[in-house]
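Here the structure is a predicted model, which means the values were calculated and not measured. Note that these values count all heavy atoms, side chains included, but never hydrogens, waters or copies made by symmetry.
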There are 2 protein chains.
Amino acid sequence: MLTVPARTSPASAATSRDVAKAANVSQALVSRAFSGNGRIAPETRDRILKVAAEIGWRPNALAASMVTGDAPLVSVITTRLSFDWRAQVLSHLLKAFEAWHLQPLLFYAESDREVDRLLAETISWRTRGVVVTAGVVPEARAEAILSRGQFLAALNRPGNHPEAFSIATDNPIGGRQAATVLLGEGRGRFLALAGPEDSWASSRRVDGFVDGLGQAGHQPMVWHNATMTTEAGLACADRLLALPPNERPDGVFSTNDAIALGFIDGLRGSGMTIPQDLSIIGFDNLPASSWTPYQLTSFEQPLDAMVLGVLDHIHAHQQPEAAQPPSAPEAHRLGADGVIYCAPRLVLRQTTRGQL
Amino acid sequence: MLTVPARTSPASAATSRDVAKAANVSQALVSRAFSGNGRIAPETRDRILKVAAEIGWRPNALAASMVTGDAPLVSVITTRLSFDWRAQVLSHLLKAFEAWHLQPLLFYAESDREVDRLLAETISWRTRGVVVTAGVVPEARAEAILSRGQFLAALNRPGNHPEAFSIATDNPIGGRQAATVLLGEGRGRFLALAGPEDSWASSRRVDGFVDGLGQAGHQPMVWHNATMTTEAGLACADRLLALPPNERPDGVFSTNDAIALGFIDGLRGSGMTIPQDLSIIGFDNLPASSWTPYQLTSFEQPLDAMVLGVLDHIHAHQQPEAAQPPSAPEAHRLGADGVIYCAPRLVLRQTTRGQL
DNA sequence: CTGAAAGCGCTTACAG
DNA sequence: CTGAAAGCGCTTACAG
């Protein structure tokens with residue numbers, strides 16, 4: 001006696017043939033009933049659909065892809081989703097895929113080093129193309145993907161190929177703007193709270209900040225952090241407080257909000273007040289940056305523009321004939337590296353006194 | 001003259017036949033070289049692999065699935081990923097899939113109402129099974145999936161079928177524990193800040209809270225919120241401050257942290273102090289709950305236990321013979337609804353005075 | 001409007 | 001150890 005409810009064994013799955021038999025038609029008609037291609041009498045179609053529903057059959061998309069040589073799949077390379085711009089961007093992207101009847105096949109990179117391997121695995125699935133949101137795209141890999149007729153869209157990183165599509169936040173501009181704000185307040189001693197030295201985004205933000213200050217004859221200190229977390233921000237606050245009061249920076253630019261928020265918390269109770277003694281600007285415009293205890297001036301990344309750019313590119317790739325000019329994002333520039341850079345948006349709050 | 005670099009046309013993708021020709025072997029050997037199944041001379045294998053790499057060919061996983069009748073795919077139903085337990089849980093799940101060479105096929109639900117439709121679409125792909133993290137699984141749909149031999153794993157919701165796997169946070173226990181803490185502090189006027197009336201998790205948390213208080217002869221007010229955001233929390237604070245001081249609740253349980261954090265911000269500057277005048281407990285243990293300005297007592301959801309449970313189930317489904325007893329999460333109970341409920345973990349901070 | 005047949009790119013017995 | 005052949009479940013010309 002079995003304790004588990006009886007089950008019609010792994011059900012050697014029904015096929016269109018079974019449906020055809022049950023509906024008393026040829027197997028080809030079953031295909032036509034579902035695809036809408038080819039002529040079929042309306043009543044026949046209805047009958048087939050009804051029988052299929054009873055049996056619980058739907059065309060096997062894998063088999064269909066074999067015949068047509070085209071699967072409605074898109075590869076998406078991503079990495080840790082939690083509390084990251086990726087989660088937000090992916091939500092938008094996946095929503096659009098759903099509307100376009102594209103199925104995203106996810107490739108999860110534990111670390112950036114795995115990205116090239118995942119890119120290679122991608123090809124087994126003969127997808128329409130690949131969206132990359134993690135790691136680096138090697139040139140040879142980009143060429144391999146594009147030469148198959150797939151699209152390649154890189155988000156917040158270079159595509160490393162003239163035919164790849166690539167769109168990113170204009171990080172240097174953000175850094176320069178931060179410098180402008182702090183200089184406008186009359187600050188004189190500057191500090192950049194940065195991520196790891198090899199972080200692409202963080203480094204570009206610092207570069208812009210250094211540039212902007214340099215034009216006014218100033219130069220910031222740069223403190224690198226192994227992780228861009230609130231904990232790192234707390235540690236930076238301790239480091240600042242350890243300096244003699246007259247040597248402490250008074251104009252701080254953090255290359256992300258998490259560090260900035262931790263930094264603000266680390267200064268609480270120290271006697272240093274914001275923005276009297278010190279101004280601070282973050283990057284990301286996290287929800288928390290607008291919360292009462294923070295009111296952090298920050299840069300919002302142009303995530304919507306980036307998503308639209310990718311969707312435009314995928315759309316153009318699917319319908320090359322209808323090659324309408326891609327809807328360029330409002331504020332952007334085309335980099336020498338082929339990347340479309342979209343300006344971040346400055347959100348002024350209480351941790352600065354400046355106007356632009 | 002073309003401005004676009006020449007491109008060997010949509011490259012009518014190479015096949016194993018092309019590789020075979022180039023390596024001077026039969027097409028079957030190419031298959032064996034990659035699959036490792038069947039005998040093949042090591043030198044032959046090496047030569048084939050080398051040729052394939054040059055051509056940039058890999059076995060077409062779609063075609064392979066046709067023959068073997070089994071694709072290494074898993075359907076995952078999800079919804080908005082940003083700032084949600086889903087992002088965290090998915091990260092873990094996807095990491096494990098990657099290690100097990102399973103490809104997740106994502107189905108994105110714009111709203112819970114779409115979930116059943118997505119569940120139906122799922123079957124076109126003949127995946128190994130489906131993981132549901134959004135909406136409700138109708139009984140008939142569960143039966144349809146399971147009768148195909150696929151697995152069905154529901155996260156934080158009922159599976160609605162005796163053979164489905166389902167694991168969730170034990171919400172009522174959290175609510176009861178919140179009541180115990182607030183009662184232990186000697187609080188006397190209670191308030192629950194809840195989500196929408198039809199929110200499964202929020203309602204269960206309130207139920208537990210009401211139960212726990214009821215045993216001590218108390219009854220809380222319950223304020224429902226259409227969205228469980230910090231903004232809603234701010235509004236609740238206003239509502240509380242509008243009450244005459246002697247009618248204001250002094251023991252508050254919020255069914256998520258976002259509302260609790262907004263509520264705390266809403267009380268700032270009002271003269272009400274925490275935890276002197278009022279205690280508050282949240283749910284989720286968001287990173288922000290430990291930040292200096294909040295120090296919110298909260299419940300951590302047993303996400304790791306839930307992920308492990310799902311992975312165990314998938315593993316058992318793939319290797320039914322090695323049916324080792326599933327590693328039961330430490331603290332859990334089996335509900336009459338077939339759901340494995342894992343206790344949340346109370347994290348005491350400064351918004352309560354209580355000990356358990 | 002309907003059906004018989006070819007074929008998509010692989011894997012896997014089955015012979016050699 | 002290698003190869004020829006069948007067949008997975010569909011779609012799509014091609015006849016009728």
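- Panel note: side chain T44(B), backbone I40(B); no donor-acceptor pair is recorded below 3.5 Å.
- Nearest nucleotide to the side chain of P42(A), out of dG3(C), dC1(C), dG9(D): dC1(C).
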What's the verdict on side chain to side chain contact (heavy atoms under 4.5 Å, CB included) for E163(B) and F151(B), showing C-alpha distance, side-chain angles and the deciding distance? CA-CA 8 Å; E163(B) 285 175 62; F151(B) 68 79; over 6 Å; no
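- Here the options are I48(A), V30(A), D18(A), the test is side chain to side chain contact (heavy atoms under 4.5 Å, CB included), and the partner is W57(A); only V30(A) passes.
- If you take CG of N37(B) and C1' of dT2(D), they are 16 Å apart, rounded to a whole angstrom.
- Candidate nucleotides dC1(C), dC1(D), dT11(C) were compared by shortest atom distance to the side chain of Q27(B), and dT11(C) ranks first.
- A close approach under 4.0 Å does not occur between any side-chain nitrogen or oxygen of S26(B) and OP1 or OP2 of dA4(D).
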Start with the C-alpha distance between L119(B) and V132(B), add both sets of side-chain angles, then the distance that settles side chain to side chain contact (heavy atoms under 4.5 Å, CB included), and finish with yes or no. CA-CA 9 Å; L119(B) 248 12; V132(B) 186; 4.1 Å; yes
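- Contact annotation: T68(A) side-chain N/O to dT11(D) OP1/OP2 distance is not under 4.0 Å.
- The residue T44(A) sits close only to the backbone: its heavy atoms come under 4.0 Å of sugar-phosphate atoms, none of a base.
- Comparing R32(B) and V67(B) against DNA chain C, the residue whose closest nucleotide sits nearer the 5' end is V67(B).
- R39(B) has its CZ atom 18 Å from the P atom of dA15(C), to the nearest Å.
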With both pairing distances under 3.5 angstrom for Watson-Crick or G-U wobble, and | for a partner in another strand, the correct string for DNA chain C is |||.||||||||.|||
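- Rounded to whole Å, atom C1' of dG3(D) lies 15 Å from atom NZ of K21(B).
- Nucleic acid contact for R126(A): sugar-phosphate only, since backbone atoms but no base atoms lie under 4.0 Å from a heavy atom of the residue.
- Rounded to whole Å, atom P of dA4(D) lies 10 Å from atom CG of L29(B).
- Contacts between residues 50-66 of chain B and DNA chain C, defined by a heavy-atom separation under 4.0 Å, are made by W57(B), N60(B), A63(B), A64(B), M66(B).
- Protein atom CZ of F34(B) is 14 Å distant from nucleotide atom C1' of dG9(C), rounded to whole Å.
- If you check the side chains of E139(A) and H161(A), you find no donor sitting under 3.5 Å from an acceptor.
- Screening residues 104-120 of chain A for side chain to side chain donor-acceptor pair (under 3.5 Å) gives E114(A)-R117(A), D116(A)-R141(A), R117(A)-E121(A), R117(A)-E98(B) as the qualifying pairs, with residues at least two apart or on separate chains.
- Going from atom CD of E43(B) over to atom C1' of dC1(D) covers 10 Å, rounded to whole Å.
- Distance D70(B) CG to dT12(C) C1': 15 Å, rounded to the nearest Å.
- Among the heavy atoms of the strands lying under 4.0 Å from A28(A) is at least one base atom, whether or not backbone atoms are also near.
- Put simply, CD1 on I123(A) is 14 Å from P on dG9(C), counting in whole angstrom units.
- Checking side-chain atoms of N156(A) against main-chain N and O of A168(A) turns up no donor-acceptor pair under 3.5 Å.
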Would you sort out whether V76(A) and L105(A) count as a side chain to side chain contact (heavy atoms under 4.5 Å, CB included), showing the intermediate values? CA-CA 6 Å; V76(A) 177; L105(A) 199 57; over 6 Å; no
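- In this structure, W100(B) and H315(B) have tilted ring planes: the angle between them lies in the 30° to 60° band.
- Across all strands, S31(B) comes closer than 4.0 Å to base atoms (heavy-atom distances).
- For the residue pair R128(A) and Q150(A), no side-chain donor N or O sits within less than 3.5 Å of a side-chain acceptor on the partner.
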